Amino acid sequence: MTSRPARLAVGVVSAGRVGAVLGAAFARAGHRIVAASAVSRDSVRRAEDLLPDVPLRRPDEVAAVADLVLLAVPDDALAGLVRGLVATGSLRAGQIVVHTSGAHGVDVLAPAAEVGVLPLALHPVMTFTGRAEDLHRLATCCFGVTAAEHDEVAWNVGEALVVELGSEPVRVRESIRPLYHAALAHGANNLVTLVADCVDLLERAGIGPANRLLEPLLSAALDNALRHGDRALTGPVARGDAGTVRAHLAVLREHDPDLLAAYRALATRTAQRARAAGVLRAQEAADVRAALDGDESARGDEEPR
């Protein structure tokens with residue numbers, strides 16, 4: 001069982017959508033936010049809203065006064081920030097240095113670990129608006145926790161911090177961190193694009209309100225997919241309705257050629273998964289593939305079951 005961490009002086013670098021919310025969550029858990037960095041106007045406003053009365057300082061100054069240094073910066077900026085904090089002498093032995101990047105484990109914190117800090121990667125598996133509503137969502141999300149491979153104390157500290165935020169810790173080994181992040185990005189980021197494309201098509205057709213129309217459909221689809229996996233597949237591809245697929249391709253070619261390639265790629269992947277799961281029969285799969293490829297010669301390549 002994880003132990004409760006002592007009350008910590010927390011420094012937030014920087015007060016973006018993630019940093020400001022997690023800083024507020026640490027404050028809600030009883031920790032003391034001693035400083036934050038904020039450069040853009042939006043970050044300053046978030047800090048004022050979510051971290052009231054917390055002084056805004058340079059990143060090196062934030063790190064110097066904190067027991068727990070929270071690095072909530074973009075993936076590509078993280079390594080340079082860590083090197084910079086080490087070079088300025090802002091980090092010291094005994095500190096906990098946490099980053100929120102999904103793409104990185106703790107190897108990116110190696111320069112900090114060399115000066116004696118405890119390095120942790122705590123990645124919240126949710127999207128952030130940078131508003132107070134995110135604090136409530138933390139209670140339903142998981143965090144991907146990564147610590148040094150054989151440092152059980154570090155793993156326990158990371159898990160305890162996540163539990164204090166009201167979330168659920170999930171251990172993610174350093175070696176699988178890139179695959180873990182690719183899976184999450186493929187699902188969450190592409191889902192936003194997919195939904196936005198659906199809204200655009202409906203609005204272009206004069207059908208609305210698009211959000212109201214889509215919400216129950218997409219919510220049910222997501223719930224069914226998480227509960228039942230490929231068995232939740234529905235629609236013309238999963239049914240083998242090749243004629244409907246051809247009609248979709250024709251109307252998209254006319255009204256939104258940019259979306260045509262995305263539809264074709266996703267439908268092809270749907271057909272592959274449906275066939276592998278036994279939802280789609282061999283002949284139906286061949287017919288759908290022919291429709292998607294625009295090549296009738298693909299019909300009958302496989303024998304029906």
Side-chain angles (χ1 to χ4, degrees), residues 1-38 43-57 59-73 85 90-102 106 109 112 116-148 151-172:
M1 184 174 179
T2 55
S3 60
R4 183 180 178 88
R7 302 305 87 194
L8 300 168
V10 178
V12 180
V13 183
S14 65
R17 293 183 182 182
V18 178
V21 171
L22 292 187
F26 275 115
R28 185 177 61 178
H31 298 288
R32 186 166 55 95
I33 312 303
V34 292
S37 68
S43 293
V44 171
R45 186 172 61 250
R46 286 190 203 99
E48 292 171 346
D49 291 343
L50 293 171
L51 305 172
D53 302 322
V54 171
L56 299 182
R57 300 181 178 178
D60 58 322
E61 295 174 334
V62 173
V65 297
D67 301 320
L68 186 155
V69 183
L70 180 66
L71 306 179
V73 298
L85 293 176
S90 306
L91 300 178
R92 62 183 183 278
Q95 284 178 311
I96 302 171
V97 176
V98 173
H99 77 72
T100 62
S101 167
V106 292
L109 299 176
V117 311
L118 187 153
L120 292 171
L122 303 182
H123 173 241
V125 187
M126 63 175 271
T127 58
F128 286 79
T129 65
R131 296 190 291 266
E133 64 202 46
D134 292 340
L135 287 168
H136 302 293
R137 292 175 178 164
L138 284 176
T140 64
C141 88
C142 297
F143 274 66
V145 177
T146 302
D151 190 346
E152 194 63 25
V153 171
W155 285 103
N156 288 338
V157 170
E159 290 171 335
L161 289 169
V162 170
V163 169
E164 278 207 318
L165 297 180
S167 304
E168 181 179 347
V170 176
R171 292 193 177 194
V172 181

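Side chains are part of it too, since the values below use all heavy atoms of this structure and drop only hydrogens, waters and symmetry mates. Given the structure is predicted, the values throughout are model-derived calculations rather than measurements.
Remark: S14 pairs with no residue by the side-chain hydrogen bond (donor to acceptor under 3.5 Å, both in side chains) rule, at least two apart or across chains. Not a single ring-ring contact (aromatic ring centres under 6.0 Å, His included) links F128 to another residue, sequence neighbours left out. The side chain to side chain contact (heavy atoms under 4.5 Å, CB included) test applied to C142 returns E168, V170, not counting sequence neighbours. Qualifying side chain to side chain contact (heavy atoms under 4.5 Å, CB included) partners for S43, counting only residues two or more places apart in sequence or in other chains: A38, S40, R46. Every residue meeting the side chain to side chain contact (heavy atoms under 4.5 Å, CB included) condition with A147, not counting sequence neighbours, appears here in chain and number order: L120, A154, W155. Taking T129 as the reference, R131, E133, D134, R137 meet the side chain to side chain contact (heavy atoms under 4.5 Å, CB included) condition, with sequence neighbours excluded. A search for side-chain hydrogen bond (donor to acceptor under 3.5 Å, both in side chains) contacts involving H99 returns nothing, not counting sequence neighbours. Under the rule for a side-chain hydrogen bond (donor to acceptor under 3.5 Å, both in side chains), the partners of R171 that lie at least two apart in sequence or sit in another chain are E152, E159. Shown here are the side-chain hydrogen bond (donor to acceptor under 3.5 Å, both in side chains) partners of D67, two or more places apart in sequence or in another chain: there are none.
Screening residues 19-30 for side chain to side chain donor-acceptor pair (under 3.5 Å), with sequence neighbours left out, gives no hits.
Of the possible donor and acceptor atoms, none in the side chain of E164 sits under 3.5 Å from a partner among the backbone N and O of F26. Checking side-chain atoms of T146 against main-chain N and O of V106 turns up no donor-acceptor pair under 3.5 Å.
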